[in-house]
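Here is the structure we will look at.
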Protein chains: 2
Amino acid sequence: MTTDEAVADQKTPPPPGLRERKKQRTRNALVRSALELFTRQGYEHTTVDEIAEAVEVSQRTFFRYFTNKEEVAFASQESAECHFFAALCGRPADEAPLAALRGAVLDAWGSIGEAIEQMVPPELHMRMYRVIESTPSLLAVHLRRTAEMEERLASEIARREGLDIDADPRPRLLVAMFSGVIRVSGKLWGEGEEDSMVTLRDLTAFHLDYVGPTLAGQWDK
Amino acid sequence: MTTDEAVADQKTPPPPGLRERKKQRTRNALVRSALELFTRQGYEHTTVDEIAEAVEVSQRTFFRYFTNKEEVAFASQESAECHFFAALCGRPADEAPLAALRGAVLDAWGSIGEAIEQMVPPELHMRMYRVIESTPSLLAVHLRRTAEMEERLASEIARREGLDIDADPRPRLLVAMFSGVIRVSGKLWGEGEEDSMVTLRDLTAFHLDYVGPTLAGQWDK
DNA sequence: GACACTAATGTCAGCGTCTGACAATTGACA
DNA sequence: TGTCAATTGTCAGACGCTGACATTAGTGTC
């Protein structure tokens with residue numbers, strides 16, 4: 001590593017140049033246009049050409065920002081998930097595993113607006129969630145992404161509790177249960193009429209309270 | 001309904017004609033060739049044209065048997081899942097929910113050979129399972145299919161226990177937990193060296209025994 | 001056994017996703 | 001201003017998948 005790189009690693013990044021800012025604007029514009037088209041006319045009935053045309057770039061450029069059509073559909077989800085995971089890592093160490101997960105998800109959903117508003121309007125993000133739930137190909141990808149997140153969650157829980165993730169199945173099982181609750185909540189919310197984020201938050205809290213006692217036992221072995 | 005149809009419904013179906021048998025043979029040949037190619041050179045690196053050519057039919061014919069390339073990859077899984085679900089429905093009514101699920105999955109895996117051997121060799125079926133686990137696009141579909149199966153399982157459990165699936169979240173939560181165990185077992189098995197079905201069966205039994213006590217409580221409200 | 005009927009298949013054209021290659025453009029920096 | 005590198009556009013093409021229409025091949029009837 002050169003001296004310059006060492007310095008760059010320690011300081012906050014220098015103000016991004018015109019090139020970088022332009023790239024970010026193009027990316028955000030692609031996400032916004034894509035999500036607007038997906039929510040208005042459906043994922044399958046929207047072509048990549050349409051999205052690219054709406055932002056006035058070539059189709060080839062779209063595929064330089066996103067590896068495939070699915071990826072752009074999950075752009076705001078990706079931000080929200082990072083936000084949630086960061087919230088979990090910030091929970092106090094003495095909190096029980098399930099309480100930490102519960103706190104993280106409720107906190108994250110309470111402050112999700114700030115995390116994504118510079119990319120897409122939160123209201124659009126929520127509408128896109130429904131499109132994902134109701135589009136088979138997107139639902140499949142969503143479940144795979146969820147499975148990947150579960151792995152990260154289980155590792156973090158194991159770390160917090162000082163357990164070996166490869167030897168003790170309990171972190172994975174707790175996370176699987178937790179994930180199941182989140183998914184059931186999201187599904188029921190998606191089937192309902194209420195659009196608000198608060199509704200989803202409350203519904204999730206209710207379900208978590210319902211199953212909490214079952215799994216909240218001490219883990220000090 | 002005409003008299004003829006009523007009679008046909010009651011008798012076992014008449015011996016299938018040449019046309020029907022030929023169709024079945026073509027279908028099985030497509031599945032076998034597809035799975036052989038997928039397991040040998042990978043799912044992504046196998047084209048539909050290759051599969052069709054191996055069976056000496058046109059690409060268009062392939063797409064008349066399977067709606068897409070993914071579907072043929074799950075043909076033997078589909079049979080196995082039906083086999084498992086039938087096993088669950090055949091469990092004695094007085095068995096506890098988790099015990100019924102456990103019994104069904106262990107029984108099904110013990111007799112899976114007979115259920116699929118006329119379509120593909122069981123050994124090929126198991127190798128394909130690993131391809132699915134390690135191919136992102138197939139894993140995504142696999143998880144969606146699993147989610148659909150979970151819905152059916154939860155409904156069946158609710159029926160057995162006389163619960164309302166829409167009012168009581170416990171069937172879904174139990175099934176989510178159960179599914180998590182199955183998936184973890186399958187994943188660990190896939191990462192290992194052992195190819196045998198017995199190994200997977202034993203591993204699953206071990207994991208189920210591990211979490212069983214946590215959730216096996218009485219459900220009589 | 002020849003016949004008409006219908007199901008199965010083949011052929012062809014075309015759309016949409018995605019990629020590699022190369023040329024043209026545009027910001028960065030001396 | 002001019003050089004360098006990053007970004008974008010253009011083009012050709014592979015692959016998945018579908019509709020339309022012609023062709024082939026079982027099925028039941030006379």
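In what follows, chains are A, B, ... by sequence order, proteins preceding strands, each numbered from 1. Computed over heavy atoms, backbone and side chain alike; hydrogens, waters and symmetry mates excluded.
For A:R201 and A:W189, the positive end is not near the middle of the six-membered ring at less than 6.0 Å and at most 45° from its axis. Taking the ring axis of B:Y43 as reference, the NZ or CZ atom of B:K69 stays within 45° of it and closer than 6.0 Å to the ring centre.
Each of A:D49 and A:R60 has a nearest nucleotide on DNA chain C; the 5'-most of these lies closest to A:D49. Where A:S58 and B:F66 each meet DNA chain D at their nearest nucleotide, the meeting point lying more 5' is that of A:S58. Closest-nucleotide positions on DNA chain D for B:T46 and B:E20 were compared, and the one nearer the 5' end corresponds to B:T46.
Between the CD atom of A:Q24 and the C1' atom of D:dT7 there is a distance of 15 Å, given to the nearest Å. Taking atom CZ of B:F63 as the reference point, atom P of D:dG19 lies 12 Å away to the nearest angstrom. Atom CD in A:Q59 sits about 14 Å away from atom P in C:dC15, given to the nearest Å. Put simply, CD1 on A:I51 is 10 Å from P on C:dC18, counting in whole angstrom units. The distance between atom CD of A:E56 and atom P of D:dT10, rounded to the nearest whole Å, is 12 Å. As rounded to whole Å, 14 Å separates atom C1' of C:dT17 from atom CD of A:E71.
In terms of phosphate contacts, B:K22 brings a side-chain nitrogen or oxygen within less than 4.0 Å of OP1 or OP2 of D:dG26. Neither OP1 nor OP2 of C:dG16 sits under 4.0 Å from any side-chain N or O of A:K69. Note on A:Y65: a side-chain N or O is less than 4.0 Å away from OP1 or OP2 of D:dT8.
Side-chain N/O atoms of B:R21 and base N/O atoms of D:dG26 include no donor-acceptor pair closer than 3.5 Å.
Residue-environment remark: CD (B:Q118) stays at or below the threshold of 12 foreign heavy atoms within 6.0 Å.
Counting only heavy atoms from C-beta on, A:R19 has its side chain closest to C:dT26 among C:dT26, C:dC18, D:dG16. Side-chain proximity of B:V57 to the nucleotides C:dA21, C:dG10, C:dT17 is greatest for C:dG10. Distance from the side chain of B:T61 is smallest for C:dT9 among the nucleotides D:dC17, C:dA7, C:dT9.
In this structure, a donor-acceptor pair under 3.5 Å is absent between the side chains of B:S79 and B:S76.
Remark: of the listed residues B:E150, B:E151, B:R144, B:R144 is the sole one forming a side chain to side chain contact (heavy atoms under 4.5 Å, CB included) with B:E148.
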